[in-house]
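Written out below as structure tokens is the structure these notes cover.
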Amino acid sequence: MLARRAAEAHDLSPTQLRVLVRLHAGPPPPARTSALARELDVTDPTVSDALQALRRKGLVERERDPDDRRHYRLHLTADGRRTARAVSRWTAPVEAATSRIDRPDGEQLLAALLDVLERMHSEHLISVTRACTTCHHFEPAVRRARPAVHRCTFFDHRLGPSDIRVDCPEHVTHEEFARRAATGGR
Ligand code: SF4
């Protein structure tokens, strides 16, 4: 509802808002139509339509990818950056509400939400997650250990309940890790 209101206030569709916000946040994923479609769990034509509208509005531009001339790279115009900054704050009322939850309850809520996210990802209801709990580098705490201290083998770092990341650029799924290992990291 909040996202829809923010989109309407800037004459955007909800998908246009999501594309703008994602381009504004930067990689991963790469700024390409198919990567954005996977990220947003929509079809390629849906993202293409949204991008066409955003280009008409002067918020997004595209240029040939110098590394692969078959593809285009997308980027925000100055107007696009301004609009993306404004609509990115659609989450602010939720953040204000959840900031009043005390820390132990907040950590419990985060753990429960991460559990739901992990299950939805394993059921293929969500295509992309970058949370520690779905990452190859995540070593969960010993069962029933309190406090639960996990470990990230990539950063070689302890992860307390509040350190769990939900959008980590170094995240790699078990499948991706196995594929990279099989192809020598390509
Ligand atoms: S690489 Fe990132 S997502 Fe993976 S366990 Fe470490 S901090 Fe978490």
Side-chain angles (χ1 to χ4, degrees), residues 2-3 15 17-42 44 47 65 67-68 73-76 81 84-85 87-92 94-186:
L2 291 170
T15 307
L17 175 141
R18 295 178 72 205
V19 169
L20 266 193
V21 169
R22 197 63 245 184
L23 288 175
H24 187 241
R32 285 188 184 160
T33 306
S34 52
L36 288 170
R38 184 163 179 270
E39 182 83 16
L40 304 180
D41 265 318
V42 295
D44 281 20
V47 168
D65 186 338
D67 297 331
D68 184 348
R73 279 188 188 167
L74 304 161
H75 55 89
L76 298 176
R81 279 194 296 280
R85 259 198 305 277
V87 295
S88 291
R89 296 307 301 142
W90 71 267
T91 53
V94 181
E95 288 167 28
T98 51
S99 70
R100 289 193 280 272
I101 299 174
D102 65 25
R103 195 180 177 96
D105 287 349
E107 288 178 348
Q108 236 175 21
L109 175 63
L110 175 64
L113 290 173
L114 286 167
D115 193 34
V116 172
L117 189 70
E118 189 181 347
R119 284 162 201 253
M120 291 179 79
H121 184 245
S122 68
E123 297 288 332
H124 305 289
L125 296 170
I126 298 174
S127 305
V128 179
T129 84
R130 294 194 189 87
C132 288
T133 45
T134 58
C135 179
H136 180 81
H137 300 297
F138 183 67
E139 276 185 6
V142 177
R143 211 169 137 73
R144 296 187 196 285
R146 291 290 176 271
V149 178
H150 314 288
R151 186 157 199 88
C152 165
T153 58
F154 181 84
F155 290 112
D156 192 19
H157 211 277
R158 286 155 54 98
L159 298 168
S162 304
D163 303 322
I164 299 284
R165 300 178 76 175
V166 293
D167 193 16
C168 173
E170 307 302 340
H171 177 280
V172 58
T173 62
H174 300 292
E175 297 77 25
E176 264 175 74
F177 188 85
R179 187 181 51 74
R180 285 184 202 171
T183 58
R186 289 190 302 278

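Each ligand, and each atom within it, is numbered from 1 in the order the structure gives.
- Of all protein N/O/S atoms, those lying under 2.8 Å from atom 4 (Fe) of ligand 1 come to 1.
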*Go through Arg179 and Glu175 one step at a time and tell me if the salt bridge (charged side-chain N to carboxylate O under 4.0 Å, His left out) criterion holds.*
CA-CA 6 Å; Arg179 187 181 51 74; Glu175 297 77 25; over 6 Å; no

*Walk me through it: do His136 and Thr173 pass the test side-chain hydrogen bond (donor to acceptor under 3.5 Å, both in side chains)?*
CA-CA 5 Å; His136 180 81; Thr173 62; over 6 Å; no

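- For the residue pair Glu139 and Thr153, no side-chain donor N or O sits within less than 3.5 Å of a side-chain acceptor on the partner.
- When the ring-ring contact (aromatic ring centres under 6.0 Å, His included) test is applied to His75, no partner is found at least two apart in sequence or on another chain.
- In this structure, Phe155 has no ring-ring contact (aromatic ring centres under 6.0 Å, His included) partners at least two apart in sequence or on a different chain.
- Under the salt bridge (Lys or Arg N to Asp or Glu O under 4.0 Å) criterion, Asp102 pairs with no residue at all, not counting sequence neighbours.
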